[in-house]
Amino acid sequence: MTDLPETANSAHTPVAVRILRFAFAVLGIVALAWIPVRNIGVESFSVANYFSYFTILSNVLAATVLLVGAVVDPQSQRWQLFRGATTLYMVITGIIYAVLLADVDVQLTDEWINDTLHRYLPLVILLDWLISPPRMRIGDRQSVSWLWFPLVYGAYTLIRGPFVDFYPYPFIDPRSQGCLQMAIGLVVLLLAFVLMALAVNAAGRAARRWRYGENAQDTRSVGVERKVEL
């Protein structure tokens, strides 16, 4: 019974995957830093506005996950929950950009940066989730709880917007569509985000069963084993 926790903590990601994580983490960091560094001293550029885009924030998290996963490769449940949440945010970034923002100016005028942050890194982080899924089971309620960040982001954007006259995305801008239409659109988006959260978690569970088979761990069963052992 003592070998269950040991198995969950000792199985690390293959070196080749960790090297790729590091390479894409560096790419993400360079892409994120390129525009602020290039615009140092430009009066019209706002660092606060730049980091008020969900795309930028989600990619900061993604670069962090890839870098830590490459260097340290944690296996704890807390880290896997963080990975899952970040994967969801990047899936949201990629899908919302493709569906709603492909023809909208989101201040990423460099094509390689735009493609890296909206297309390549969302795909990379999702593939990383599927290739190296968590060994412990993540419940649906836990995956839905990942939505706290988009909810806080939405509240921040709506509270900050009137003070600075800036809204990063048209679907969260009441000036162009009115509060009622915006609210309806945001409720629809929230429902879509719930489905995305469940889908990301379901994909991780399926990958977990395919990758680890009988060695896949269920956090609940591990907890039972520990109680029995005590």
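Residues Tyr120 and Trp112 do not share a hydrophobic cluster, clusters being chains of Ile/Leu/Val/Met/Phe/Trp/Tyr side chains in contact below 4.5 Å. Taken together through direct or relayed side-chain contacts under 4.5 Å among Ile, Leu, Val, Met, Phe, Trp and Tyr, Ile113 and Val30 form part of one hydrophobic cluster. Trp129 is not connected to Ile19 by any chain of hydrophobic side-chain contacts under 4.5 Å among Ile, Leu, Val, Met, Phe, Trp and Tyr, and they are in different clusters. Val188 and Tyr97 fall into different hydrophobic clusters, where Ile, Leu, Val, Met, Phe, Trp and Tyr residues are linked whenever their side-chain heavy atoms come under 4.5 Å apart, directly or through other members. Grouping the Ile, Leu, Val, Met, Phe, Trp and Tyr side chains by contacts below 4.5 angstrom, directly or via other members, places Val17 apart from Val68.
Rounding to the nearest 0.5 Å places CZ of Phe24 at 14.5 Å from CG of Leu67. Going from atom CZ of Arg119 over to atom CG of Asp115 covers 4.5 Å, rounded to the nearest 0.5 Å. Atom CZ of Phe45 sits about 7.0 Å away from atom CD1 of Ile35, to the nearest 0.5 Å. Rounding to the nearest 0.5 Å gives a distance of 11.0 Å between CG of Leu151 and OG of Ser145. In this structure, the separation between CG on Leu158 and CE on Met182 is 4.5 Å, given to the nearest 0.5 Å. Between the CG atom in Asn59 and the CG atom in Leu32 there is a gap of 5.5 Å [rounded to 0.5 Å].
A donor-acceptor distance shorter than 3.5 angstrom exists from the side chain of Arg18 to the backbone of Ala70, with no hydrogens or angles considered. Checking side-chain atoms of Trp79 against main-chain N and O of Val65 turns up no donor-acceptor pair under 3.5 Å. Remark: the backbone N or O of Arg175 is not paired with any side-chain donor or acceptor of Tyr167 at under 3.5 angstrom. Under a 3.5 Å cut-off, the side chain of Tyr89 and the backbone N or O of Leu61 do not form any donor-acceptor pair. A donor-acceptor pair under 3.5 Å is absent between the side-chain atoms of Trp146 and the main chain of Ala197, judged by distance alone. Of the possible polar contacts, one joining the Ser58 side chain to the Thr55 backbone as a donor-acceptor pair under 3.5 Å is found. The closest donor-acceptor contact from the side chain of Arg83 to the backbone of Asp128 lies under 3.5 Å.
With 3.5 Å as the limit, one finds no donor-acceptor pair spanning the side chains of Tyr50 and Asn39. A donor atom on one side chain and an acceptor atom on the other are not found under 3.5 Å apart for Thr93 and His118. Inspection of the Asn201 and Arg137 side chains reveals no N or O donor paired with an N or O acceptor under 3.5 Å. For the residue pair Arg208 / Tyr212, no side-chain donor-acceptor distance below 3.5 Å is found, with atom types taken as modelled. A donor atom on one side chain and an acceptor atom on the other are not found under 3.5 Å apart for Tyr153 and Ser52.
Side-chain atoms of Arg21 and Ser132, non-hydrogen and from C-beta on, do get closer than 4.5 Å to each other. Put simply, the side chain of Leu101 reaches to within 4.5 Å of the side chain of Phe171, judged on heavy atoms. Taking 4.5 Å as the limit, some side-chain heavy atom of Leu81 sits within range of a side-chain heavy atom of Gln142. Side-chain contact check for Ile96 versus Leu189: some heavy-atom pair is nearer than 4.5 Å. Residues Pro168 and Thr157 are in side-chain contact: their nearest non-hydrogen atoms beyond the backbone lie under 4.5 Å apart. At a threshold of 4.5 Å between non-hydrogen side-chain atoms, the residues Leu123 and Met90 do not count as touching.
Gln80 and Pro74 make their closest contact through NE2-O, 3.2 Å (heavy atoms, listed as atom of the first residue, atom of the second, distance). Of all heavy-atom pairs between Pro150 and Ile92, the closest is CG-CD1, 4.4 Å. Summarising the geometry of Gln177 relative to Ile172, their closest heavy-atom pair is NE2-N, 4.1 Å, with the distance given to 0.1 Å. The two atoms that bring Ala63 and Ile29 nearest to each other are CB-CG1, 4.1 Å, heavy atoms only. Residues Gly204 and Pro133 approach most closely at O-CB, 3.6 Å, considering heavy atoms. Of all non-hydrogen atoms in Ile95 and Met196, the two that sit nearest each other are CG2-CE, 3.9 Å.
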Test Tyr53 against Leu57 for side-chain contact (heavy atoms from CB on, under 4.5 Å), laying out the working first.
-> CA-CA 7 Å; Tyr53 282 93; Leu57 297 176; over 6 Å; no

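Within a 6.0 Å sphere centred on CZ of Phe22, other residues, nucleotides and ligands contribute 12 heavy atoms or fewer.
Using a 4.0 Å cut-off between a side-chain N of Lys or Arg and a carboxylate O of Asp or Glu, Arg205 and Asp140 qualify as a salt bridge.
Using bins of under 30°, 30° to 60° and over 60° for the plane-to-plane angle, the ring pair Phe54/Phe149 lands in the tilted bin.
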